[in-house]
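Sequence lines set the chain letters: A, B, ... in the order given, protein chains first and strands last, and positions in each chain run from 1.
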There are 2 protein chains.
Amino acid sequence: MEAELTSDIARQPLTRPTEDYLKAIYQLSNDGGLVATTDLALVLGLAPASVTGMIKRLSEQGLALHERYRGVRLTHEGRRIALRMLRRHRLIEAYLVGFLAYTWDTVHAEAERLEHAVSDDLIERMAQVLGHPIFDPHGDPIPDAHGRFAEFVHVPLADVAAGETVTIRRADTRDDGRLRFLAAEGLVPGTVVTVIARQPYNGPSSLEVGGERRIVGHELATMLLCSRGT
Amino acid sequence: MEAELTSDIARQPLTRPTEDYLKAIYQLSNDGGLVATTDLALVLGLAPASVTGMIKRLSEQGLALHERYRGVRLTHEGRRIALRMLRRHRLIEAYLVGFLAYTWDTVHAEAERLEHAVSDDLIERMAQVLGHPIFDPHGDPIPDAHGRFAEFVHVPLADVAAGETVTIRRADTRDDGRLRFLAAEGLVPGTVVTVIARQPYNGPSSLEVGGERRIVGHELATMLLCSRGT
DNA sequence: ATTGAAAATTAGTATGTACTAAATTCGTTT
DNA sequence: AAACGAATTTAGTACATACTAATTTTCAAT
Ligand SMILES: [Mn+2]
Ligand SMILES: [Mn+2]
Ligand SMILES: [Mn+2]
Ligand SMILES: [Mn+2]
């Protein structure tokens with residue numbers, strides 16, 4: 001009930017960079033396809049040459065498969081570890097918001113460090129006092145101890161037709177300024193929103209939110225992922 | 001009110017080994033005197049040659065003063081950081097026991113990692129929900145944000161004369177087996193104990209604890225630090 | 001088919017931290 | 001004073017991770 005996220009092969013503890021690379025590769029390859037070196041370098045804030053070197057090491061460790069000049073993808077083992085890190089990251093975010101009065105715009109940086117330092121025991125204790133949540137404060141799904149999580153089909157608010165009513169489920173950004181703004185506008189997961197109108201050419205959407213009128217620009221409307229209905 | 005533990009000199013973030021060395025040097029040099037390379041190597045679980053190398057680096061960074069072939073001691077800046085780490089370590093221990101049902105025999109390993117990963121902000125939030133405690137679960141004092149903490153003169157239970165009544169204040173070991181045993185025997189900080197008798201030649205002490213009779217060996221009696229009276 | 005730009009890799013270097021083995025220094029004992 | 005053992009340092013090596021500069025590969029445009 002906890003061993004699932006621990007390999008049977010005895011492996012030396014992974015380093016923090018290793019864990020961050022695996023997480024980043026997983027997230028850049030939603031479809032399971034190849035991830036480009038430069039994309040990885042971009043999200044990790046590293047030089048492409050550094051990424052190439054690390055990919056080589058990940059391959060040697062059996063965590064990734066490298067197709068030279070093409071890209072990289074995770075092995076089963078690499079994906080297992082990536083999902084373990086995602087569980088840790090998101091549970092930590094949920095815990096900080098739930099028990100230490102963090103807001104959703106400040107949790108990411110803290111979780112980015114803590115995810116490498118907490119024990120499995122601590123993670124499961126946090127999960128327990130939280131009541132085993134399945135979404136983090138941004139609406140991202142929290143994988144269970146087996147690495148499984150619910151997948152939902154969400155529609156960007158920017159694609160919702162005028163007249164339709166939807167419920168916000170995720171905020172797909174980790175920029176703290178945008179997150180603060182969205183929270184101030186009341187556009188957070190769980191909120192029911194009706195699209196009143198939308199201007200063309202990537203224009204703003206007029207919304208009805210809890211009886212009030214709101215306007216949200218196209219960029220942010222793209223980041224608000226919704227499900228149909230209330 | 002928080003900047004005190006952050007230097008005005010812009011310094012690159014310290015590494016985990018650096019923080020652990022500084023903490024260890026501080027703790028081995030209660031009197032402020034020199035700390036021997038081998039002692040440091042022993043508590044850190046490293047080869048003496050490795051310690052020599054690190055001491056050199058700490059000196060170059062202005063965190064320690066090295067008297068070759070004699071030993072090492074901390075600079076002001078090094079001591080400031082050591083106290084900051086001690087605050088972190090002990091607050092984390094207190095938090096885990098207070099809010100996540102950890103026991104005093106399991107918190108040390110977790111805190112040893114987390115102390116390097118938490119932000120100042122998180123530490124102060126933990127302090128706040130704990131009510132700014134001044135002792136950790138083992139009775140060790142928690143430095144405040146300025147690095148100050150209460151010093152008490154404690155007597156090892158092994159030195160308390162028969163007939164005297166004392167209150168246990170600290171358990172001076174981090175061995176989890178010993179800590180579990182002491183907790184099972186009810187010998188934890190806050191407990192009032194009367195020494196009934198003691199056998200010579202480092203023999204066991206007979207105690208009265210909460211109306212019950214207890215016997216504790218010399219080794220453990222040395223680790224239980226007490227204050228006179230109830 | 002050639003070519004040129006973008007992407008990726010290699011080559012070479014740096015830093016921090018650890019190790020073992022060899023050399024040096026210190027303090028004590030003779 | 002000399003010699004010895006313990007403590008310490010030096011020398012040389014390894015590993016993980018990052019960098020820049022130079023080179024190679026890929027692919028789309030001509
Ligand atoms: Mn991270
Ligand atoms: Mn999140
Ligand atoms: Mn530590
Ligand atoms: Mn403690």
Side-chain angles (χ1 to χ4, degrees), chain A residues 10-25 28-29 33-74 77-78 81-82 85 112-113 115-117, chain B residues 10-25 28-29 33-74 77-78 81-82 85 112-113 115-117:
Chain A
R11 40 172 62 267
Q12 69 285 4
L14 301 171
T15 63
R16 179 179 164 169
T18 299
E19 292 178 333
D20 280 333
Y21 270 87
L22 294 175
K23 194 157 55 94
I25 295 169
L28 285 174
S29 146
L34 289 175
V35 175
T37 301
T38 31
D39 290 355
L40 216 34
L42 196 69
V43 311
L44 292 171
L46 300 171
S50 309
V51 172
T52 301
M54 187 58 153
I55 286 173
K56 194 176 305 175
R57 259 170 267 129
L58 293 175
S59 303
E60 286 162 2
Q61 293 181 265
L63 302 174
L65 299 164
H66 189 198
E67 300 187 16
R68 279 182 76 229
Y69 289 100
R70 288 307 171 79
V72 66
R73 59 201 169 81
L74 298 178
E77 177 68 0
I81 294 165
M85 296 315 294
E112 199 54 57
R113 281 175 278 105
E115 63 188 0
H116 313 285
Chain B
R11 42 174 58 268
Q12 68 286 5
L14 301 170
T15 63
R16 180 180 164 169
T18 300
E19 293 178 334
D20 280 334
Y21 270 88
L22 294 174
K23 194 157 55 95
I25 294 170
L28 285 174
S29 148
L34 290 173
V35 175
T37 301
T38 30
D39 291 354
L40 216 34
L42 197 69
V43 311
L44 292 171
L46 301 171
S50 309
V51 171
T52 300
M54 187 58 156
I55 286 173
K56 195 176 308 176
R57 259 171 268 131
L58 293 174
S59 303
E60 286 161 2
Q61 292 182 265
L63 302 173
L65 299 165
H66 189 200
E67 299 187 17
R68 281 181 75 233
Y69 289 102
R70 286 307 169 81
V72 67
R73 61 202 168 81
L74 297 178
E77 178 67 0
I81 295 165
M85 297 314 295
E112 198 56 55
R113 281 176 279 105
E115 62 188 359
H116 312 287

Separation of [Y] [atom2] from [X] [atom1] (nearest 0.5 Å):
| X | Y | atom1 | atom2 | answer |
| --- | --- | --- | --- | --- |
| B:Leu40 | B:Ile55 | CG | CD1 | 5.5 Å |
| A:Ser29 | A:Asp39 | OG | CG | 11.0 Å |
| A:Ser59 | A:Glu67 | OG | CD | 10.5 Å |
| B:Leu28 | B:Leu34 | CG | CG | 12.0 Å |

Contacts under 3.5 Å, N or O only, protein and nucleotides 6-10 of chain C:
unit_1	atom_1	unit_2	atom_2	d
C:dA8	OP1	A:Thr37	N	3.4
C:dA8	OP2	A:Thr38	N	2.8
C:dA8	OP2	A:Thr38	OG1	2.4
C:dT9	OP1	A:His66	NE2	2.5
C:dT9	OP1	A:Tyr69	N	3.3
C:dT9	OP2	A:Thr37	OG1	3.1
C:dT9	OP2	A:Thr52	OG1	2.9
C:dT9	O4'	A:Tyr69	OH	3.4
C:dT9	O3'	A:Arg68	NH2	3.1
C:dT10	OP1	A:Arg68	NH2	3.0
C:dT10	OP2	A:Lys56	NZ	3.2

Protein-nucleotide distance ([X], atom [atom1]; [N], atom [atom2]), rounded to Å:
| X | N | atom1 | atom2 | result |
| --- | --- | --- | --- | --- |
| A:Leu40 | D:dA18 | CG | P | 11 Å |
| B:Leu42 | D:dT8 | CG | P | 11 Å |
| B:Leu58 | C:dA18 | CG | P | 10 Å |
| B:Leu22 | C:dG16 | CG | C1' | 15 Å |

With a cut-off of 3.5 Å and sequence neighbours excluded, list every side-chain donor-acceptor pair involving residues 14-24 of chain A.
unit_1	atom_1	unit_2	atom_2	d
A:Thr15	OG1	A:Thr18	N	3.2
A:Thr15	OG1	A:Thr18	OG1	2.7
A:Glu19	OE1	A:His116	ND1	2.7
A:Asp20	OD1	A:His116	NE2	3.0
A:Asp20	OD2	A:His116	NE2	3.3
A:Lys23	NZ	A:Glu112	OE1	3.2
A:Lys23	NZ	A:Glu112	OE2	3.0
A:Lys23	NZ	A:Glu115	OE1	3.3
A:Lys23	NZ	A:Glu115	OE2	3.2

- request: Quick one, give me the B/S/- string for nucleotides 12-17 of chain D, reading 5' to 3', where B means a protein heavy atom under 4.0 Å from the base and S means that only happens at the primed atoms, P, OP1 or OP2.
  value: ----SB
field: Set of side chain to side chain contact (heavy atoms under 4.5 Å, CB included) partners for B:Thr52, sequence neighbours left out
entry: B:Thr37
statement: So salt bridge (charged side-chain N to carboxylate O under 4.0 Å, His left out) across residues 47-62 of chain A, not counting sequence neighbours, yields none
query: In chain order, what residues pass the salt bridge (Lys or Arg N to Asp or Glu O under 4.0 Å) check against B:Arg113, with sequence neighbours excluded?
result: B:Glu110
